[in-house]
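These notes are about the structure you will find just below.
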Amino acid sequence: MIEAVAFDVGETLIKDDRGWNSWADWLGVPRHTLSALVGAVVAQGRDNADAIRLARPGISIDAEHRAREAAGHGERLDENDLYPDVRPALSALREAGLRVVVAGNQSVRAGELLRSLGLPADVIATSAEWGVAKPDPAFFARVIALTDIAPERTLYVGDHPHNDIAPAASAGLRTAHLRRGPYGHFWADGPEAAAADWRIDSLAELPALLAP
């Protein structure tokens with residue numbers, strides 16, 4: 001029986017369109033070019049930040065993050081960035097008595113922005129706030145501590161088979177692979193995604209799947 005559900009952020013709750021378009025504009029490359037580079041590195045199983053490194057060889061992404069913030073072009077999130085199934089699904093899970101946690105590989109600023117949206121979640125945390133990122137086992141140890149529920153009764157939901165599904169399962173969590181976003185689609189038929197306890201196309205499926 002599942003008593004808590006923890007969610008990844010990028011391409012699970014939040015559409016990454018705004019972020020990548022903003023990076024393309026900042027780098028001065030066509031949006032389609034950067035989008036194609038993202039697809040290429042995803043297909044190779046690489047970190048999607050490598051798309052930025054391909055567009056601008058030698059770039060320091062941390063330094064560029066700081067420069068963008070200083071120039072007023074830093075991270076932004078609002079209601080339009082949420083997938084439409086997010087609020088209904090999270091609300092239904094909480095109404096069913098499950099603890100709802102949001103924990104993904106995001107910046108400190110992203111954590112602040114996510115909390116400002118008033119999502120129906122009990123707690124929201126990011127890797128930058130913790131100082132540890134997926135797929136590090138220490139990240140999932142923090143997730144387990146945050147849910148305060150036994151790992152075998154906690155579900156982790158994410159789109160990225162390597163960063164989300166495999167390490168969450170290794171930590172003893174139950175898993176749901178969401179076929180969404182570049183990683184969720186391209187690697188949907190790989191062994192890591194196939195090993196998930198559930199495979200879903202929408203968060204709207206979760207309340208019925210987890211009903212006792």
Side-chain angles (χ1 to χ4, degrees), residues 2-23 26 48-49 61-62 64-136 138-149 151 153-160 163-164 167-168 171 173 175-176 178 180-181 183-184 202-204 206-207 210:
I2 299 298
E3 297 179 23
V5 184
F7 291 90
D8 168 51
V9 178
E11 292 301 339
T12 296
L13 304 183
I14 299 293
K15 294 174 281 188
D16 285 343
D17 305 51
R18 182 204 295 263
W20 286 116
N21 288 342
S22 177
W23 268 110
W26 177 258
N48 57 16
I61 292 179
D62 288 342
E64 290 299 312
H65 269 300
R66 292 190 293 272
R68 291 181 62 197
E69 287 289 346
H73 296 288
E75 291 181 84
R76 300 288 184 271
L77 286 176
D78 60 33
E79 196 69 21
N80 293 323
D81 297 302
L82 292 175
Y83 277 101
D85 56 3
V86 171
R87 286 194 183 276
L90 270 59
S91 294
L93 293 170
R94 291 189 81 191
E95 289 167 6
L98 281 73
R99 181 166 172 79
V100 174
V101 168
V102 174
N105 279 359
Q106 303 289 329
S107 67
V108 171
R109 176 60 176 158
E112 296 169 351
L113 292 168
L114 285 166
R115 286 187 284 271
S116 74
L117 292 177
L119 293 172
D122 294 286
V123 62
I124 296 171
T126 69
S127 57
E129 293 169 336
W130 286 346
V132 62
K134 297 179 292 185
D136 193 316
F139 178 94
F140 292 95
R142 294 295 297 263
V143 171
I144 293 167
L146 202 62
T147 62
D148 198 28
I149 301 291
R153 297 199 299 275
T154 299
L155 178 68
Y156 193 82
V157 182
D159 66 297
H160 197 312
N163 278 3
D164 298 329
L173 296 159
T175 59
L178 176 63
R180 182 137 82 191
Y183 287 101
S202 168
L203 300 182
L206 288 172
L210 303 181

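For clarity, every value in this text was computed on a predicted model and none was experimentally measured. One is the number of the first residue; the rest follow in order along the sequence.
Minimum interatomic distance between W130 and A103 (heavy atoms only, all atoms of both residues): CH2-CB, 3.9 Å. Scanning both residues, L98 and D122, for their nearest heavy atoms gives O-OD2, 4.1 Å. Here the closest non-hydrogen pair linking A171 and I144 is O-CD1, 3.8 Å. Between S107 and T126, the shortest heavy-atom contact is O-OG1, 3.2 Å. Shown here for P120 and S91, the closest heavy-atom pair between the two residues is CG-OG, 3.4 Å. In plain terms, the two heavy atoms of A168 and Y156 that are nearest each other are CB-CB, 3.9 Å.
Using a distance-only test at 3.5 Å, with no hydrogens or angles considered, no donor-acceptor pair links the side chain of Y83 to the main chain of S202. Using a distance-only test at 3.5 Å, with no hydrogens or angles considered, a donor-acceptor pair links the side chain of R115 to the main chain of I124. No donor-acceptor pair closer than 3.5 Å links the side chain of N21 to the backbone N or O of R18. At distances below 3.5 Å, not a single donor-acceptor pair connects side-chain atoms of T12 with backbone N or O atoms of G158. Side-chain N or O atoms of R99 include one that pairs as donor or acceptor with a backbone N or O of T147 at under 3.5 Å. A donor-acceptor pair under 3.5 Å is absent between the side-chain atoms of N105 and the main chain of A133, judged by distance alone. A donor-acceptor pair is defined here as one N or O able to donate and one able to accept, closer than 3.5 Å; such a pair exists between the side chain of S127 and the backbone of Q106.
V100 is not listed as a side-chain neighbour of L119, based on a closest heavy-atom distance of 4.5 Å or more. For the pair T175 and D164, the minimum side-chain heavy-atom distance is 4.5 Å or more.
For the atom pair L178 CG and Y183 OH, the distance stands at 15.5 Å (nearest 0.5 Å). The distance from atom CD of E69 to atom CZ of R66, rounded to the nearest 0.5 Å, is 11.0 Å. To the nearest 0.5 Å, atoms CD (E95) and CG (L90) are separated by 11.0 Å. Taking CD1 of I2 as the reference point, atom CG of L155 lies at 5.5 Å (rounded to 0.5 Å). Taking CZ from R87 and CD from E79, the interatomic distance works out to 4.0 Å, rounded to the nearest 0.5 Å. Atom CG of L77 sits about 11.5 Å away from atom NZ of K15, to the nearest 0.5 Å.
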- Would L203 and F7 satisfy side-chain contact (heavy atoms from CB on, under 4.5 Å), going step by step from the backbone distance to the final call? CA-CA 10 Å; L203 300 182; F7 291 90; 3.9 Å; yes

- Query: Between S22 and R76, is a side-chain hydrogen bond (donor to acceptor under 3.5 Å, both in side chains) present by the stated rule, with each step listed?
  - Reply: CA-CA 10 Å; S22 177; R76 300 288 184 271; over 6 Å; no

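The salt bridge (charged side-chain N to carboxylate O under 4.0 Å, His left out) test with R180 is passed by exactly one of D85, D159, D8: D85.
A salt bridge links E112 with R109: the closest approach of a Lys/Arg side-chain nitrogen to an acidic carboxylate oxygen falls below 4.0 angstrom.
Ring centroids of H73 and W23 are separated by 6.0 Å or more, keeping the two rings apart.
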